[in-house]
Amino acid sequence: MSDLILFWHRRDLRISDNTGLATARKQSPKVVGVFCLDPNILERDDIAPARVTYMIGSLQSLQKRYAQAGSQLLILHAEPTQAIPKLAIALKAKAVFWNWDVEPYSQERDRTIIEALKEKGIQFLEKNWDQILHSPDDIRTGSQQPYTVYTPFWKNWSSKPKAKPVETLENAEGLTKAEKEIAEASGVIELPSAKDLGFHWDGELVITPGEAAAQERLEEFCASAVNEYQEQRNFPAVEGTSKLSAALKFGVIGIRTVWQATLEALENSRSDETATNIRTWQQELAWREFYQHAMYNFPQLAEGAFRDPFKNFPWENNEEYFQAWCEGRTGYPIVDAAMRQLNELGWMHNRCRMIVASFLTKDLLINFQWGEKYFMQKLIDGDLSANNGGWQWSASSGMDPKPLRIFNPASQSQKFDFEGEYIRQWVPELRSMDAEYLVTGKISPLERHAVGYPDPIVDHNKQQRLFKERYQQQKSQT
DNA sequence: CCACACTTGAC
DNA sequence: TCAAGTGTG
């Protein structure tokens with residue numbers, strides 16, 4: 001009988017283009033998948049029902065794909081540092097393979113598991129990267145330091161050749177009946193629903209779970225919207241973005257597959273203009289990777305501000321303002337539309353993520369970490385590196401040597417939702433108003449009250465002056 | 001140490 | 001035009 005290799009899926013919920021899984025299959029025909037529902041993660045207070053629902057749906061389709069290949073995906077619901085070694089020992093596995101992750105929690109957990117496996121002589125893959133195109137140890141400045149500015153990172157990163165997608169798991173031997181019983185005795189359970197885990201999401205998901213849906217989404221995007229990406233991605237009322245964020249967060253699609261698709265789109269592009277649009281999307285993929293490398297190299301990013309002036313910033317942290325922001329009743333139409341989209345869909349257009357983040361930090365003077373956490377509680381694609389990177393960028397507390405960037409909600413509406421289409425969609429009480437009023441937000445108190453729409457909770461001009469003052473103060477003190 | 005450059009902006 | 005001072009080569 002062949003040696004068993006357990007492949008531990010974490011944020012790589014697919015059998016195609018999976019580097020660790022492909023390596024496992026090359027070493028043995030008997031490869032069985034395992035996923036551990038981790039209470040350390042699921043019991044945190046920053047978990048979104050939409051995200052768990054997407055994850056469970058993707059696990060369902062992953063189970064089907066394993067079954068089609070002739071093997072199984074086993075489910076555990078327990079502390080992984082105990083449950084993974086326990087299962088491997090019980091099944092007499094030769095090895096447990098998995099793909100490496102940049103998050104501080106994952107790295108600590110994995111080190112503990114490696115110690116336990118080593119003790120039992122069970123093999124593992126050291127630092128096998130899968131969800132990024134280059135190892136964060138490989139992208140360095142001339143003085144061997146990690147990059148802290150995007151553009152030089154991009155120049156270096158984009159000049160390096162990228163790996164092609166790796167082989168799909170076409171067939172594998174699974175557990176025997178007797179082994180299945182051993183697995184069950186070692187904690188393997190049926191896949192629970194999101195509801196079983198205490199997460200309720202009743203609406204439709206804005207992104208369909210599973211490998212097939214992600215692949216389809218990629219092909220559809222690369223066949224059309226990517227060619228006008230540079231401009232169209234900015235309009236929140238337009239479907240101009242890839243909507244691949246959740247699939248990329250959970251590795252429901254492989255990043256090499258995505259990159260390959262950009263190269264093919266470039267080859268097929270008929271004009272320089274189209275090529276520029278595709279390259280703009282490539283740059284967004286590089287941003288994702290920049291933030292993952294940053295998290296790996298500077299794990300303190302997860303704890304708070306990166307730049308000194310923001311380490312002890314005198315935020316107001318007004319609870320009522322925060323509630324108004326969360327619920328989309330700040331009295332600023334574009335901000336409220338965006339927050340309501342987030343609450344209803346578990347997803348927000350990227351342009352609006354920047355607008356509401358700027359508003360929370362620069363206008364309401366609330367610590368970006370409050371907003372960062374709220375996003376994690378709602379987003380289907382919520383990811384530590386990407387979310388933290390975005391929030392620190394908006395707060396001006398991150399890796400951006402540029403001056404303060406304060407978004408004006410009215411100018412943003414004017415540029416990106418000039419007909420008020422997005423606002424009307426998400427703030428129904430304003431639906432009958434002329435675009436001019438929606439965009440400028442200059443709606444009289446009388447009219448606001450008539451439709452039940454709140455007065456602005458703060459004055460943008462006043463608040464941005466206040467923010468700048470405090471920033472200058474902090475800068476001189478540090 | 002110098003020269004150059006720096007996601008998405010505002011006025 | 002001012003962002004505004006620092007990362008990077």
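Order of the sequence lines fixes the chain letters, A, B, ..., with proteins taken first and strands second; residue numbering starts at 1 for each chain. All figures in this text were calculated on a predicted structure; none of them were measured in a lab.
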Between A:Tyr422 and A:Gln341, is there a side-chain donor-acceptor contact under 3.5 Å, judged purely by atom types and distance? yes
Scan nucleotides 4-9 of chain C nucleotide by nucleotide, 5' to 3', and note B when protein non-hydrogen atoms come under 4.0 Å of the base, S if they reach only the sugar-phosphate, - if neither. BB-SSS
Taking the ring of A:Phe221 and the ring of A:Trp281, is the distance between their centroids below 6.0 Å? yes
Does A:Trp391 have A:Lys373 sitting over its ring (NZ/CZ under 6.0 Å from centre, angle to axis within 45°)? no
Quickly work out the A:Arg405 CZ to B:dC6 P distance and round it to whole Å. 12 Å
Round to the nearest Å and state the distance from A:Asp400 atom CG to B:dG9 atom C1'. 12 Å
May I have the distance from A:Gln414 (atom CD) to B:dG9 (atom P), rounded to whole angstrom? 14 Å
In whole angstrom, what separates A:Glu284's CD from B:dT8's P? 11 Å
Measuring only the P atom in each nucleotide, how far is B:dC11 from C:dA4? A whole number of Å is fine. 13 Å
Let me know the distance between CE of A:Met354 and C1' of B:dT8, rounded to the nearest Å. 4 Å
Hey, does the side chain of A:Lys415 come within less than 4.0 Å of B:dT8's phosphate (OP1/OP2), counting only N and O? no
Check the phosphate of B:dT8 against A:Asn350, side-chain N and O only, distance under 4.0 Å to OP1 or OP2. Yes or no? no
So, is A:Gln412 near the phosphate of B:dA10, with a side-chain N or O under 4.0 Å from OP1 or OP2? yes
